Amino acid sequence: MSGLVPRPWIESLEVYEGGKSKTDGVAKAIKLSSNESALGPSPKAMEAYAAAVHTLHRYPDASYATLKQTIADKYGLEAKRIVCGIGSDEILKLACRAYVAPGDEVIYSRYGFMMYPIAAKSVGGVPVESEDKDYTADVDKILASVSDKTRLVFLANPNNPTGTYISVPEVERLHRGLPDNVLLVLDAAYAEFVAAQDYEAGIALASSASNVLMTRTFSKLYGLAALRLGWGYASADVAANLDRLRDPFNVPTPTELAGTAALTDIAFEEQAVAHNSHWLGWLTAEIGALGLQVVPSVTNFILIRFPGGEKSAEAANEFLLKKGYILRWLPGQGLGNCLRLTVGLEEDNRAVVALLKEFMDA
Ligand SMILES: *Cc1c(COP(=O)(O)O)cnc(C)c1O
């Protein structure tokens, strides 16, 4: 027996589970479970990453100035207010470390991103779930959940795993309703995919408000999930506090170079967006035509709702897994009647629809 006593909240922490990439008895499974980009990384990003192999003995630039400047130029931001992290997940956790003390409350919506309770609990914070409306964050419910212990609100916009978003006026209303000692974290991991006119990632609010942090990632549209690169934008004060907490060399040189190249490969970015918008529409229509309900999505994935009984999400999941197609079943999040499907390459999208038809017709 050890005399060590971990901090009291550590043992209640759940370990985040990523999407599966293997299924029994299938040699080469098709993974459509983690919202990774169908087209993979930009060839320019791959080249930049490969070229970095010659300087692996050098410590990275601790201020990743090139990457920050490239982000700043692309979006019209101030470089000194950008913080980069080991995926945007690190930024979410840094925000909790900086602003949430043990016992403080952290609000997120019912079907929000699974990392939020993990990030909150990792610092002894108390996760508080607010109810959704039609699989979408409900601003009134979030505001009603605020107490004098609230220190942080996470809003995934668009949201994962539902694919829905809330409009600029709604985000502004949420911000106006929060006390100024509450940090509003706008997690815009899927912003690059969104075409809706009334959507904005959070740049305007993060630029003007003192208590808003917008987070972005290279793991989704840019296809660099393996490199673990994300960034945040906030007031100079918030950015400085996150910077104090991060590891000095959290962004490795090959990652910085690949990320920088990806941001400037506009042609590839446009191709990835166009591929997604075409196949998102196609999948939504085709799967809807099978009698399944698809939650309207602005992202690179859709949430499919199953009727239950013999046609349950669990049975569909088993059926697809046997055929080598991995989707995401999320019973742990109270979405046991749903499967989340990431938009894939044409042949994979067509194959999944054909299999879902077979499942529904059987
Ligand atoms: C995928 C995802 C992220 C995290 O991405 P990183 O790989 O850590 O950058 C953050 N938020 C949401 C909503 C996501 O779906």
Side-chain angles (χ1 to χ4, degrees), residues 15-23 28-50 52 60 64 67 70-71 74 83-94 112-116 118-119 156-161 163 187-194 201 214-232 246-247 250-265 268-269 271-273 275-276 279-280 297-303 325-328 330 340-345 348-349:
V15 175
Y16 180 84
E17 260 190 65
K20 289 205 281 185
S21 55
K22 288 204 181 79
T23 168
K28 193 177 164 291
I30 304 296
K31 185 183 177 201
L32 300 166
S33 57
S34 295
N35 304 342
E36 295 149 342
S37 172
L39 302 190
S42 140
K44 292 191 174 139
M46 291 193 268
E47 265 168 44
Y49 186 81
Y64 35 76
L67 175 61
T70 307
I71 295 170
K74 186 172 172 110
V83 184
C84 297
I86 308 168
S88 49
D89 282 354
E90 184 186 21
I91 311 286
L92 305 177
K93 283 194 164 169
L94 290 176
F113 184 41
M114 277 192 294
M115 272 300 297
Y116 302 155
I118 297 175
N157 199 32
N159 185 50
N160 170 17
D187 174 352
Y190 300 92
E192 295 82 3
F193 292 108
V194 187
M214 173 188 71
T215 62
R216 306 288 286 263
T217 182
F218 285 78
S219 302
K220 305 289 157 60
L221 179 83
Y222 293 110
L224 296 174
L227 295 190
R228 313 300 309 121
L229 182 59
W231 57 281
R246 71 172 174 90
D247 286 342
N250 62 344
V251 178
T253 309
T255 301
E256 179 185 6
L257 296 176
T260 303
L263 283 180
T264 46
D265 190 350
F268 187 81
E269 179 174 336
Q271 204 185 323
V273 170
H275 173 91
N276 190 70
W279 289 104
L280 177 68
S297 169
V298 293
T299 63
N300 70 333
F301 60 88
I302 54 175
L303 191 67
Y325 289 82
I326 308 178
L327 279 63
R328 190 73 164 262
L330 296 156
R340 193 190 65 192
L341 165 67
T342 305
V343 173
L345 292 169
D348 304 332
N349 298 331

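Computed over heavy atoms, backbone and side chain alike; hydrogens, waters and symmetry mates excluded. Nothing here was measured: the structure is a model prediction, and the numbers come from that model.
- One N or O on the side chain of R340 and one on the backbone of S33 form a donor-acceptor pair closer than 3.5 Å.
- Taking both residues in full, the closest heavy atoms of K220 and S34 are given as CE-O, 4.1 Å, listed atom of the first, atom of the second, then distance.
- Between I302 and L280 the shortest side-chain heavy-atom distance falls below 4.5 Å.
- A 4.5 Å side-chain heavy-atom check between I71 and Y64 finds every atom pair outside the cut-off.
- At least one donor-acceptor pair closer than 3.5 Å links the side chain of N250 to the backbone N or O of C84.
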- Should T70 and L263 be marked as a side-chain contact (heavy atoms from CB on, under 4.5 Å) after you check the CA-CA gap, both sets of side-chain angles, and the distance that decides it? CA-CA 7 Å; T70 307; L263 283 180; 4.0 Å; yes

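- The backbone N or O of I91 lies less than 3.5 Å from no partner atom in the side chain of S88, so there is not a single donor-acceptor pair.
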- Query: Between L221 and N300, is a side-chain contact (heavy atoms from CB on, under 4.5 Å) present by the stated rule, with each step listed?
  - Reply: CA-CA 8 Å; L221 179 83; N300 70 333; over 6 Å; no

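- The shortest heavy-atom contact between G112 and P161 is O-CD, 4.0 Å.
- Contact of the F301 side chain with the E36 side chain is not registered, since no non-hydrogen atoms from C-beta on lie closer than 4.5 Å.
- In this structure, the side chains of E269 and S42 stay at 4.5 Å or more apart for every pair of heavy atoms.
- Expressed to the nearest 0.5 Å, how far CG of L32 lies from CG of L341 amounts to 5.5 Å.
- Counting heavy atoms from C-beta outward, Y116 and D187 have side chains that approach closer than 4.5 Å.
- One finds the CZ atom of F218 at 13.5 Å from the OG atom of S37 (value rounded to the nearest 0.5 Å).
- In this structure the side chain of I30 reaches within 4.5 angstrom of the side chain of D348, judged on heavy atoms.
- Considering only heavy atoms from C-beta on, R228 comes within 4.5 Å of S219 through its side chain.
- Side-chain contact between Y190 and V298 is absent, with no heavy atoms from C-beta onward closer than 4.5 Å.
- Scanning all heavy atoms of the two residues, the minimum distance from P60 to P252 falls at CG-CA, 4.0 Å.
- The heavy-atom pair separating P41 from G223 by the smallest distance is CB-O, 3.5 Å.
- The backbone N or O of T342 sits nowhere less than 3.5 Å from a side-chain atom of N35 that would complete a donor-acceptor pair.
- Heavy atoms of other residues, nucleotides or ligands lying less than 6.0 angstrom from CZ of F268 number more than 12.
- The CZ atom of R246 sits 9.0 Å away from atom CG of L94, with the distance rounded to the nearest 0.5 Å.
- Note on ring orientation: taking the six-membered ring where Trp is involved, the planes of W279 and H275 are tilted (angle from 30° to 60°).
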- Task: List the steps and the verdict of side-chain contact (heavy atoms from CB on, under 4.5 Å) for Y222 and L229.
- Result: CA-CA 10 Å; Y222 293 110; L229 182 59; over 6 Å; no

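- Distance OG1/T299 to CG/N276: 7.0 Å, rounded to 0.5 Å.
- Residues R216 and E192 are paired through a salt bridge, judged by an N-O separation under 4.0 Å between the basic side chain and the carboxylate.
- Of all the heavy atoms in Y49 and L227, the pair that sits closest is CE1-CD2, 3.3 Å.
- Among all heavy-atom pairs drawn from G163 and P158, the shortest one is O-CB, 4.4 Å.
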